[in-house]
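See structure below.
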Amino acid sequence: MLSAFARAFQTPDLRKKLLFTLGIMVLFRLGSHIPIPGVSFTAVNECVKETKNNGLFGLVNLFSGGALLQLTIFALGIMPYITASIILQLLTVVIPRLEALKKEGQAGTAKITQYTRYLTIALAVLQGTGIVATASSGALFSGCPVANQIVPDTGVFRIAVMVITMTAGTTVIMWLGELITDRGIGNGMSLLIFTSIAAQFPSSMWAIKSSGTIGGGWVEFLSVVAVGVIVVMLVIFVEQAQRRIPVQYAKRMIGRRAFGGTSTYIPLKVNQAGVIPVIFASSLLYIPALVVQLTNSQAGWATWIRTNFVKGDHPIYMATYFLLIVFFAFFYVAISFNPEEVADNMKKYGGFIPGIRAGRPTAEYLNYVLTRITWPGSLYLGLIALIPMIALVAFGQQTNFPFGGTSVLIVVGVGLETVKQIESQLQQRNYEGFLR
């Protein structure tokens, strides 16, 4: 495996792609430490030290590599682009015009990508305005004594400059991600998310060691590492698992030649929805907490939400989170994989599943199999997402458990995909991958 890495850097064009990708990652991390104008850097640092966990903006802070709570130029991270991509993907099923564009091939995909960019900028303006308003009111770090001093000047011009800077930062991140996709290795947006999440692993692990009480914290540290290795192995096992449905194509005579007659399969992954259900559920559960925090209401319903939905370790929150993930897993699989469309395409090109008639019986069989394998996939997603919350209860409120939830799913998924791309590049030149 190490010799394969050495060969990757010995190949000139592959070395150039790898170094270009690493350079963009370094540039992205540098931008995550430059504060936006109008922010008191001293007050922000003091509040970040006192506020170890911020469940309200936890997902956005995760995807920004901790830049959100530090109010840097890349504070919004890649989250607006992810949200815009998900919205466009959902609208493609609802709006016929977008569905037609998707079927047009490369030209239609380029048009949808352009719409995604416009929507990303609009969402960045909205999210930037909300975060700046929250920081100005002191609600971003509730409980910090200097939270009201984070934004000393709350004038309209200063607030506008801060929002524009955050929006520009998101636009630059989007551009950097597209540069990696065009000139580097792997999917640019996914690698930037990978960089943001991986950057928080060392600090999270050291926090576990510092807050430990047995053997100077080393027992807790090594226990978390052992659990993390097991969780990563489980995630890799499930992410690679798939149900292969055999497909046989009949022979066709064209003139004097016979075409077709091949055997292939339809790969249905156990986790067909990926990490999307976790993002959906997290975003939906942040809405009531955000409304309560911005309105600062003292009504009975607001108190109930603060008690059960803000910290993220309450049993009601955990149960709701788990059920939402299961629901969105089925929902996303239903809109992303259409059994009737697959069955029609198979019938059009003379394909059939052995033992199943073409047409409607094939669609019903695919739907049956997809429902059966989505159940374990959705339950697996829910359990992985609950690991950090269980760790909060087990290790204490001031501990961020790095191996669980959205972070480990994205890190493992992006890591596997990037390694596959590097391996395919190596096999084109040396006919050897990472493992012999």
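At a threshold of 4.5 Å between non-hydrogen side-chain atoms, the residues Leu101 and Tyr115 count as touching. By the 4.5 Å heavy-atom criterion applied to side chains, Leu192 and Ser196 are not counted as neighbours. Side chains of Thr83 and Leu119 form no contact here, defined as non-hydrogen atoms less than 4.5 Å apart. In this structure, Val172 and Phe28 have side chains that are not in contact, with every pair of non-hydrogen atoms separated by 4.5 Å or more. Under the 4.5 Å side-chain criterion, counting only non-hydrogen atoms from C-beta, Ile24 is not in contact with Thr195. The shortest side-chain heavy-atom distance between Val419 and Ile422 does not fall under the 4.5 Å cut-off. A heavy-atom distance below 4.5 Å is not found between the side chains of Leu123 and Tyr81. Residues Gln421 and Lys17 are not in side-chain contact: their nearest non-hydrogen atoms beyond the backbone lie 4.5 Å or more apart.
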Check the pair Gln114 / Tyr118 against side-chain hydrogen bond (donor to acceptor under 3.5 Å, both in side chains), numbers first and verdict last. CA-CA 7 Å; Gln114 194 68 18; Tyr118 294 148; 3.1 Å; yes

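The ring-ring contact (aromatic ring centres under 6.0 Å, His included) test with Phe330 is passed by exactly one of Phe280, Trp375, Phe337: Trp375.
Of the inter-residue distances, the one linking Asn187 atom CG with Glu178 atom CD reads 10.5 Å to the nearest 0.5 angstrom. Rounded to the nearest 0.5 angstrom, Arg29 CZ and His33 NE2 are separated by 4.5 Å. Atom CD1 of Ile373 sits about 4.5 Å away from atom CG of Leu268, to the nearest 0.5 Å. With rounding to the nearest 0.5 Å, the separation of CD1 in Ile131 from OG in Ser136 is 11.5 Å. We find the CG-OH distance between Asn367 and Tyr365 to be 12.5 Å, quoted to the nearest 0.5 Å. Between atom OG1 of residue Thr120 and atom CD of residue Gln127 there is a gap of 9.5 Å, rounded to the nearest 0.5 Å.
Without hydrogens or angle criteria, Asn345 side chain to Glu341 main chain gives a donor-acceptor distance under 3.5 Å. In this structure, the side chain of Thr116 does not engage the main chain of Ser85 through any donor-acceptor pair within 3.5 Å. Proximity of a side-chain donor or acceptor of Glu239 to a complementary backbone N or O of Ile236 within less than 3.5 Å is not detected. Thr362 places a side-chain N or O within donor-acceptor distance of the main-chain N or O of Arg357, the cut-off being under 3.5 Å. At least one donor-acceptor pair closer than 3.5 Å links the side chain of Thr21 to the backbone N or O of Ile185.
For Gln106, the CD atom is loosely surrounded, since the number of other residues' heavy atoms within 6.0 Å does not exceed 12.
Of all heavy-atom pairs between Met166 and Gly128, the closest is SD-CA, 3.9 Å.
A search for side chain to side chain donor-acceptor pair (under 3.5 Å) contacts involving Arg15 returns nothing, not counting sequence neighbours. Here Glu340 pairs with nothing under the salt bridge (charged side-chain N to carboxylate O under 4.0 Å, His left out) rule; sequence neighbours left out.
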